[in-house]
Asker: 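Sending over a structure as structure tokens; questions will come in a sec.
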There are 2 protein chains.
Amino acid sequence: MSKQQEKSQQTRHELEAAAIRLFGQKGFLETSIAEITSSAGYSKGSFYRHWESKGELFLQIIEDKLKSYREQRDGQHPKARDLDEAMGAIWDFLETIIDDNDWSRIFLEFTMHATRNKALRQALNQGAYRLSNELFASLVGEHVDSGYPPEKIGALNTALFEGFLIHSALGTGVLNKTDVRRAALLLARSNALKSNAE
Amino acid sequence: MSKQQEKSQQTRHELEAAAIRLFGQKGFLETSIAEITSSAGYSKGSFYRHWESKGELFLQIIEDKLKSYREQRDGQHPKARDLDEAMGAIWDFLETIIDDNDWSRIFLEFTMHATRNKALRQALNQGAYRLSNELFASLVGEHVDSGYPPEKIGALNTALFEGFLIHSALGTGVLNKTDVRRAALLLARSNALKSNAE
DNA sequence: ATCTTCTGTAACCACCGGTCACTTATTGAC
DNA sequence: GTCAATAAGTGACCGGTGGTTACAGAAGAT
């Protein structure tokens, strides 16, 4: 790699890091390009050497993070013995999202924008939700035997996770991680969902 | 009420209605004051006769809606006989929120902003979440007898609802209302949450 | 009739995302 | 080593934004 390319990549990473911090703390629209560049020690115009628009950077940040999550998932094969163990592994993973304050806020904001934008919605469905639903659904298909569709169990668990993510971001403090893990496990045992009996 | 006051109130309502529609469809920050006023047939400056800022209008819209929800709740006393019936009444109510597309998007967006703003966070905790948690918790306290704290059951159900609200706003279509009602009922039966047994 | 009060107007400000002509540093052919 | 080509980085600039304010004109009081 040439000196120029190295310098360019370094600048790119510096701007990215500044953007992630500012997007997380202030929000996407509330953060100006001038803020991003100047907080990393550059001028506004330099931004456009690396991205076409602020939106493109936002999308790239999302996709990079989802890619790293996917790699993280593929890297570990815990071979869970039962439902409890498998669910535990999933929530160990999900809690790293919740614990990363900047990122969880960026993700929630991206989700909001996706409710109004078809292209973003597709990116989200094929990215984050597919990842989450796959995680839950495969686990259910492997460890739970009932007629209730695994993808519904997956979606219910994803919904619960997203609700808890908001709960955590708001810092209301009624629920803790253990509460939600128990609830998720309850939802994964799908027999009670199919028939309404206990 | 004088002619002037009448005219002023009418203008206010016209601007409010235009704002709700635009905030829902485009988002708060993406909607300009000029758009709100001109779509209602007024000039930009007139806005400031009625509100101090766009943020004040946003907050007022939220508070008005929450107030109307609270009145709606207090107005009906269904005297549910059992858990299923009581939960059904709550979800009949919650689904009116989901079915109102503009409003549910506005609410989600407000929630996002609240994760970064203490004043908004307090307004949300004392408004929407208190309402939702109270609804669920009182129901659980009345119909379910177990050692698991009712406010936790309330918060879990609120989280599930919020996740489903996002799910609906994104239109992924895996879950339907019946699925979530069943899951909510499952979470309300707290015995299984306390001990992890089925 | 006229003086006051209040709604609505439009010009104005600082700042935004994005563009572009420019400077400066690196590269590679000779 | 020379020098033209290429690249990164700069900052003035553009149309449009949220917000401010001096002013016009209708309504109300006397």
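Just so we're on the same page: letters track the sequence lines, and every chain starts at 1.
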Asker: What's the CD-P distance between Glu30(A) and dG17(C), to the nearest Å?
Answerer: 11 Å

Asker: Indicate, with a heavy-atom threshold strictly under 4.0 Å, whether Ser43(A) touches base, sugar-phosphate, or nothing.
Answerer: base

Asker: Grab the CD1-C1' distance between Ile36(B) and dT17(D) for me, whole Å please.
Answerer: 12 Å

Asker: Rounded to the nearest Å, what distance is computed from the CZ atom of residue Arg49(B) to the P atom of nucleotide dT20(D)?
Answerer: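 The distance from CZ of Arg49(B) to P of dT20(D) comes to 13 Å, rounded to the nearest Å.
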
Asker: Assess, by modelled atom type and distance only, whether the side chains of Tyr42(B) and Thr11(B) contain a donor and an acceptor separated by less than 3.5 Å.
Answerer: yes

Asker: Counting only side-chain nitrogens and oxygens, does Ser46(B) get under 4.0 Å of the OP1 or OP2 atom of dT7(C)?
Answerer: no

Asker: Does dG17(C) have OP1 or OP2 under 4.0 Å away from a side-chain N or O of Lys54(A)?
Answerer: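 Yes, within the criterion.
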
Asker: Does His50(B) place a side-chain N or O at less than 4.0 Å from the phosphate oxygens OP1/OP2 of dG8(C)?
Answerer: yes

Asker: Using distance alone, with no hydrogens and no angle criterion, decide if Gln126(B) and Arg121(B) have a side-chain donor and acceptor under 3.5 Å apart.
Answerer: no

Asker: Between Trp91(B) and Phe136(B), what is the ring plane arrangement, given parallel below 30°, perpendicular above 60°, and tilted in between?
Answerer: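 Correct class here is tilted.
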
Asker: In this structure, how many angstroms lie between the P atom of dG9(D) and the CH2 atom of Trp51(A), rounded?
Answerer: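 Whole-Å distance recorded here is 10 Å.
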
Asker: Over 60° means perpendicular and under 30° means parallel, so classify the ring planes of His167(A) and Phe164(A), tilted if in between.
Answerer: parallel

Asker: Between dG19(D) atom C1' and Glu35(B) atom CD, what is the distance in whole Å?
Answerer: 16 Å

Asker: Are any of the side-chain nitrogens in Asp84(A) or Arg189(A) under 4.0 Å away from the carboxylate oxygens of its partner?
Answerer: yes

Asker: Just how far, in rounded Å, is C1' of dT20(D) from CD1 of Ile33(B)?
Answerer: 11 Å

Asker: Students often get this wrong, so: under 4.0 angstrom with heavy atoms, is Thr31(A) touching a base, only sugar-phosphate, or nothing?
Answerer: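 It contacts sugar-phosphate atoms only.
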
Asker: Base, sugar-phosphate or nothing for Glu52(B)? Non-hydrogen atoms, less than 4.0 Å.
Answerer: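 Contact class for Glu52(B): sugar-phosphate only.
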
Asker: Using the closest heavy atom to pick a nucleotide of DNA chain C for each, name whichever of Lys44(B) or Thr11(B) lands nearer the 5' end.
Answerer: Thr11(B)

Asker: Without decimals, in angstroms, what is the distance between Leu15(B) CG and dG8(C) C1'?
Answerer: 11 Å

Asker: Go through dA8(D), dG17(C), dG8(C) for me and flag the one nearest to the Ser8(A) side chain.
Answerer: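 The closest nucleotide is dA8(D).
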
Asker: Rounded to the nearest Å, what distance is computed from the OH atom of residue Tyr48(B) to the C1' atom of nucleotide dT7(C)?
Answerer: 16 Å

